[in-house]
Each structure stands twice: as structure tokens, then as C-alpha cells.
Amino acid sequence: MNFFQILSEIEKTDPEVFERFDSRRRVFKHMTGFGKKMTAAALPLAMGSIFNKAYGQTTSAPSIPDVLNFALKLEYLEAYFYNIGLQGDGTIGNNTTSAAQTSLRGKMSAQNVAALLKIRTDENNHVNFLTDALKKAGATPITAPMVSQFDFTGGKGNGNGPFADVFSNPATFLAVAQSLEDTGVRAYKGGAPYLASNDDILTAALNIHSVEARHAARLRAMRRAGAMSTAPATVAAGTDPTTSPKSWISGQDGGGASPAQTAAIYGAGNAPAYTPAGITFPAEDNVTQGGVNLQSTLASLNFPASAFSEAFDEPLPVPTVLTIASTFTVTGSTFFA
Amino acid sequence: MSNIIKPGEDEVGFTKPLYAPIKRRSFFMYAGATAGITALALAGCNDDSDNTSMPNMVDVGSSSLGVLNYAYALEQLEAGFYTSLREGTYYKGLASGTAEKQILDDLYYHEVIHREFFKAALGTNAIKALEPDFSAIDFNSRASVLGAAKTFEDLGVAAYNGAGRYIATDATGLQYLVIAGKIVSVEARHASLIRDLVLEGSFVDSDVVTIGTNGLEISKTPTEVVAAANQYLKEGSKLNVSNLV
């Protein structure tokens with residue numbers, strides 16, 4: 001076996017092979033130890049590890065199917081959440097109603113229940129849409145996850161996490177709902193650049209993205225007005241954004257609905273190495289757009305400081321979103337791994 | 001820098017000036033220096049259309065810069081609307097601390113910031129300041145103002161979503177795509193809330209979202225959008241988007 005000849009063969013079909021290695025110094029570390037330490041028997045294994053690092057999914061930009069499946073995972077998370085809380089056994093297409101669901105609904109105004117059912121419908125339809133889109137693209141959609149993979153209390157499977165009363169207390173339910181929708185908005189924004197090569201798929205993703213934002217705004221209104229409000233839009237935001245948020249994100253919203261668990265949703269993302277040049281993932285209180293600090297440049301407008309962060313939502317990269325979403329999976333689940 | 005409008009010249013008007021000149025170069029230094037500069041050099045001036053079939057219209061141009069100018073035009077319209085409504089008796093009658101006062105103030109801030117952002121980002125490639133025609137809106141009427149706000153916000157969301165595909169896929173284009181994404185979700189938040197103010201529970205109704213089928217926003221092509229937007233623009237300021245293809 002001649003390692004360098006293999007690389008040379010790869011180079012014929014992938015001229016960037018050396019660049020791929022070059023951009024990943026860990027690989028070179030592997031290679032320097034090669035002659036000294038590796039026995040012939042260990043060689044195939046070591047090479048497998050090198051190529052995984054160069055070509056593995058964790059270090060290369062996601063493909064269109066990767067991004068669509070990533071989005072599909074988030075849509076499953078959202079759809080199951082509304083299904084379990086409001087109607088159905090969690091899975092897509094099940095519409096039975098349990099006593100617990102009737103009880104939760106009874107603690108909210110009819111207007112709010114109707115709004116939540118609309119959101120539930122959208123999220124279930126997003127699951128179906130993305131599943132179909134992946135199939136039409138010739139890719140394989142992920143298998144529907146088991147409901148038991150999720151623990152929406154944030155307890156990682158013990159059902160008694162920080163959101164222990166998520167399906168019996170409307171305030172907790174709305175807090176988690178807002179967190180999921182705000183995460184979704186940032187996630188689609190972060191995924192969009194990887195869909196840009198396909199106009200129709202990009203447009204479809206943008207058309208989901210804005211619907212998630214519409215949901216988030218409604219949920220935020222419901223939170224500031226209270227679950228029993230019959231007209232949440234008519235209630236002004238209070239001074240504490242964690243309990244009485246505006247419909248848009250102001251600064252980092254004090255860490256969101258439950259700061260100990262939700263602060264990362266409004267924080268900065270860790271840009272993966274494959275991120276296209278110039279795209280960054282600042283926290284939601286960012287006021288610099290396109291390299292221009294708008295707050296200082298437009299200081300003469302005398303607008304409130306918060307307006308400059310509110311006017312722009314921020315993206316999050318895929319790995320950061322997966323970490324956030326894994327708050328709601330059970331220990332050992334690889335769904336958001 | 002000679003075209004900076006002096007303070008006081010247009011206090012509440014449509015073209016609220018930037019009193020401090022924005023460092024345009026820093027935008028493109030950030031936004032992938034060479035690609036940005038190349039795009040600028042190729043784009044030329046978009047202010048005057050010499051398309052004989054659409055005389056006296058404002059051509060937004062093509063590709064990434066065309067989309068930016070298209071967005072700038074729509075943000076001018078929105079910012080102008082929220083600026084004008086502040087002179088009407090409906091807004092002036094809103095008590096401090098009420099939801100509608102808070103919402104209309106925020107929307108005014110956000111849309112003016114969007115407009116000024118695009119103006120700075122586009123620099124010399126920006127289309128001119130457009131002259132709006134809001135004669136169809138009664139700024140003394142809550143229903144008229146909120147109805148128009150709903151129209152503008154929904155139109156903005158549909159427009160951004162429909163224009164993403166015309167942005168180039170080079171490094172600069174991808175940065176613009178993300179920036180457009182940062183704005184459109186805020187517009188969607190606006191639209192959701194304004195719609196619920198106009199009619200409780202209408203935040204994802206079937207005129208804007210395919211709620212019965214796949215739950216997608218109903219995006220609009222630039223041609224569809226300007227058919228609506230041009231009703232609010234004076235002769236000489238109406239938009240031509242024929243090069244966004």
C-alpha cells in the first residue's frame with residue numbers, strides 16, 4: 001500500500017484533495033506520526049480516519065439534502081411539541097384529543113387556542129412538505145422520530161426538567177413554543193446560503209422561514225398578553241422581555257423565556273470552518289450590519305438603542321442549532337447529534 | 001460626500017438624511033472586498049431607465065445589486081409610510097404606553113433603519129430617493145392606516161422571499177442573502193402583529209400563507225410586487241423590475 005500514490009489517484013478526481021487536508025491541521029498531525037508510529041497493520045484504519053476528517057460531514061459544508069433534513073428535524077421537533085400539547089399522540093397525522101390536552105386548552109382563550117392550532121397545522125404541513133421536497137430532489141428524508149425521543153420538559157428523559165409543567169401550564173407551554181419558533185427563524189436563516197444554488201428550494205425555505213417568524217411574533221404577543229387574552233395584539237410589551245416580550249427580539253431579550261435554558265437561542269453562534277466568507281453569527285443584540293455600526297452611524301436619528309438590534313434578526317449555524325434543539329431530546333438520542 | 005443633505009432640511013420628510021456620512025468602504029471591505037468592488041464596477045448607474053417601453057421609471061437593475069435596490073425601494077416606501085402616519089390625527093391621538101403607539105413607533109424606527117442601511121450599503125449604486133404617493137391613505141383613520149400597514153408589511157415579506165432567487169451565489173451574494181434574511185423575518189414579525197391588530201387571529205391567513213396545504217408564505221415575483229407598490233409611488237418614481245430575472 002502506497003499512501004501517497006492513493007492521494008495522487010484521488011487528486012485526479014478531486015484536485016482539491018490537498019487543500020482539504022491543508023485546511024485541517026489535525027490531519028497533518030496524523031500524517032507526521034505516520035512513518036514513526038504506524039505499523040502496516042494499523043495503516044488502513046489510520047487512513048480511514050484521515051479521510052473522514054477531510055471529507056466527513058462535520059467538516060464540510062452541508063449539501064442541499066443535508067440542510068433540508070436538518071430543517072425537517074426542527075419541524076418534527078415543533079410539530080410533535082404542538083401535537084403533544086394540543087391534539088394528537090405526537091406523530092404527524094394523528095388527531096385524537098386527550099383529557100390533558102383538553103385541560104391545557106381550557107386554560108387559554110378560544111382565540112389563543114385557535115391561533116395555536118393554526119401554528120400546529122403549519123408545522124405538521126412543513127414536515128410533510130420537506131419530506132416531499134427531499135424525495136423530489138432524489139434524496140432520502142429522515143425517518144419520522146419516535147415520540148419517546150423527545151422530552152419537552154428539558155429533563156433529558158426524566159420528564160421533570162425545568163419545563164416540568166410544559167403540557168399543563170399555558171405560560172410554560174407558550175414559553176417553550178416561543179423558544180422553538182425563535183430558534184427555527186435563526187436556523188433557516190443560517191441554512192439559506194447552502195440552498196442558494198437551487199432557486200426553487202431556496203424560495204421554499206424562505207417561505208417557511210417567514211412563516212416561523214409570523215408564528216414567533218404571535219406567540220410573543222400571547223406571552224405578554226397572557227394565555228387568557230382574547231386580543232393579544234392590543235397589549236403593549238412590558239419592561240421585562242423574558243416575561244413580556246415585544247413581537248420582535250430586542251437586544252438578547254434578557255436571555256429569552258427561561259434564560260437558564262434559552263439564552264443560547266439569542267446568543268452568538270459558533271461559525272463552522274466551512275462557513276462562506278463574510279457570514280457571521282452574532283448574538284441578537286448585534287447592531288453592525290454589513291460592516292457598518294448602524295447605531296453609531298445613524299445616531300443623529302435619535303432612535304432608541306434597542307431599535308437597531310430589533311430591526312435585524314440574526315442567523316445561527318447548523319451545529320449551534322443542533323446543540324440548542326438537543327435540550328429537548330432524551331439522553332442518548334442521536335436525533336440532533 | 002457632496003450630496004449629504006443638511007440637517008433640518010427635511011425633518012419629517014420621506015428622505016430623512018443621514019447626518020453623518022456612512023463609511024461605505026467598510027461595508028464592502030467586510031462584504032468580500034474584491035467581489036463587491038467588481039460587482040460595483042459592473043453595475044453602473046441604475047437611476048435612469050433608458051428602456052423605451054417604460055419611460056420615466058426607476059430601473060432597479062439586475063442580479064445582487066438589483067435585489068438590493070429593489071429592497072431599498074420597498075424600504076423607502078415603508079419608511080415613508082411610517083414617517084407620514086406620524087403627522088396624522090390617528091397616531092397623534094395614541095396615548096403613550098399603549099400597544100398601538102409602541103408598535104407604530106417601533107415599526108417607524110425599524111423601517112427607517114432598513115432604508116438607511118440599504119442607502120449606505122449601495123452607496124453610489126443606489127437608486128434615487130423615491131417620491132411616494134400616499135393620497136389613497138387617510139392618515140386620520142385607524143382603519144386606513146392599519147390596513148395600509150398590513151399591505152406594506154405583507155408585501156415586503158412576499159417581495160423579499162420572492163427575490164432571494166435573483167441574488168447571485170458568489171460570496172458577496174451569499175452575504176446579501178443572509179442580510180435579506182435578517183430583515184425579512186423582522187418584516188414577518190411586523191406583518192403578523194399588524195394583521196392581528198386589524199383582525200384577531202389572521203397572522204397566517206390564507207391570503208399570505210398556504211395554510212391548508214403546505215404552510216408556506218405566498219411569495220411574490222418582483223413584477224407582482226411592483227404592480228402593488230407602484231400605486232403608492234408618484235410618476236417618475238415608479239419601479240421597473242424587468243431586469244430582475
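Note on naming: letters A, B, ... go to the chains in the order of the sequence lines (proteins, then strands), and numbering restarts at 1 for each one. Because only heavy atoms are used, hydrogens play no part in the values below, and waters and symmetry mates are left out as well, while side chains stay in.
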Step-by-step side-chain contact (heavy atoms from CB on, under 4.5 Å) determination, B:Leu107 to A:Trp248: CA-CA 10 Å; B:Leu107 268 51; A:Trp248 25 93; 3.4 Å; yes
Assess the residue pair A:Val211 and B:Leu216 against the criterion (side-chain contact (heavy atoms from CB on, under 4.5 Å)); give the C-alpha distance rounded to whole Å, side-chain angles, the decisive distance to 0.1 Å, and a yes or no. CA-CA 7 Å; A:Val211 171; B:Leu216 303 190; 5.6 Å; no
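Put simply, CG on B:Asn214 and CG on A:Asn124 are 13.0 Å apart, with the number rounded to the nearest 0.5 Å. Here the straight-line distance linking atom CD1 of B:Ile167 with atom CG of A:Asp199 works out to 10.5 Å at 0.5 Å rounding. Within the model, atoms NE2 of B:His110 and OG of A:Ser309 stand 7.5 Å from one another, a figure rounded to the nearest 0.5 Å. Here the CD-CG distance, from B:Glu217 to A:Leu206, works out to 10.5 Å after rounding to the nearest 0.5 Å. Note that CD1 of A:Ile119 and CD1 of B:Ile211 are 9.0 Å apart. Values are rounded to the nearest 0.5 Å. One distance of note links NE2 of A:His209 with OH of B:Tyr160; it measures 12.5 Å at 0.5 Å rounding.
Aromatic pair B:Phe117/A:Phe312: centroids less than 6.0 angstrom apart.
The residue from A:Arg218, A:Arg214, A:Lys118 that alone fulfils the salt bridge (Lys or Arg N to Asp or Glu O under 4.0 Å) condition with B:Asp205 is A:Lys118. When each of A:Lys189, A:Glu314, A:Arg186 is tested with B:Ser185 by the rule side chain to side chain donor-acceptor pair (under 3.5 Å), just one qualifies, namely A:Lys189.
Chain B forms more heavy-atom pairs under 4.5 Å with one residue of A:Ala307, A:Ala205, A:Ser306, A:Ala196 than with any other, namely A:Ala307. Options B:Thr210, B:Leu174, B:Ile113 differ in how many heavy-atom pairs under 4.5 Å they form with chain A, and the most are formed by B:Ile113. In terms of non-hydrogen atom pairs under 4.5 Å with chain B, the most contact-rich of A:Ala213, A:Ala217, A:Ser210 is A:Ser210. With respect to chain B, the highest number of heavy-atom pairs below 4.5 Å among A:Pro193, A:Ala204, A:Ala216 belongs to A:Pro193.
Side chains of B:Asn161 and A:Asn207: a donor-acceptor N/O pair is present below 3.5 angstrom, by distance only. Side-chain atoms of A:Thr203 and B:Arg165 include a donor-acceptor pair closer than 3.5 Å.
Between the side chain of B:Arg189 and the backbone N or O of A:Ser247 there is at least one donor-acceptor pair closer than 3.5 Å. Under a 3.5 Å cut-off, the side chain of A:His126 and the backbone N or O of B:Gly215 do form a donor-acceptor pair.
Heavy atoms of B:Thr169 lying under 4.5 Å from chain A belong exclusively to its side chain. Heavy atoms of B:Asp106 lying under 4.5 Å from chain A belong exclusively to its side chain.
In the displayed structure, A:Lys246 atom NZ is contacted under 6.0 Å by more than 12 heavy atoms of other residues, nucleotides or ligands.
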